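Single-structure report; data block below.
These values consider heavy atoms only, across backbone and side chains, with no hydrogens, waters or symmetry-generated copies. These numbers come from a predicted model, not from an experiment.
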Amino acid sequence: MDEFIADDVIPVLKHEIDAVPDLDREVKELLFDRDRIAVRATNTGTPVKEWLGVPPSGASFEIVEYAM
């Protein structure tokens with residue numbers, strides 16, 4: 001993974017896993033156009049520690065993500 005993930009991103013990913021141990025990312029749609037990629041994904045989980053400035057409440061979340 002070190003080969004593909006920048007050093008400054010690794011602490012962010014470790015914090016996510018610590019705060020949301022059941023974090024799941026599911027790719028729903030993946031599009032390619034020459035040298036470009038677009039993805040639509042669903043992120044789900046239940047935070048056990050503060051994450052993105054929100055304290056844990058025991059509630060799960062679902063976030064739809066679009067990235068290019």
Review item, side-chain donor-acceptor pairs of residues 34-43, under 3.5 Å, at least two apart:
unit_1 : atom_1 : unit_2 : atom_2 : d
Arg36  : NH2    : Asp33  : OD2    : 2.5
Arg40  : NE     : Glu29  : OE1    : 3.3
Asn43  : ND2    : Glu65  : OE1    : 2.9

- When Ile, Leu, Val, Met, Phe, Trp and Tyr are grouped by side-chain heavy atoms lying under 4.5 Å apart, directly or through other members, which residues fall in the same group as Tyr66? Val64

Atom pairs and distances, donor-acceptor, side-chain atoms in residues 7-23, under 3.5 Å, two or more places apart:
unit_1 : atom_1 : unit_2 : atom_2 : d
Glu16  : OE1    : Arg25  : NH2    : 2.6
Glu16  : OE2    : Arg25  : NH2    : 3.4
Asp18  : OD1    : Lys49  : NZ     : 3.2
Asp18  : OD2    : Lys49  : NZ     : 2.9
Asp22  : OD1    : Thr46  : N      : 2.9

- Which residues pass the salt bridge (charged side-chain N to carboxylate O under 4.0 Å, His left out) test with Glu62, sequence neighbours left out? none

- Pro47 to Pro56 - nearest heavy-atom pair and separation: O-CB, 3.5 Å

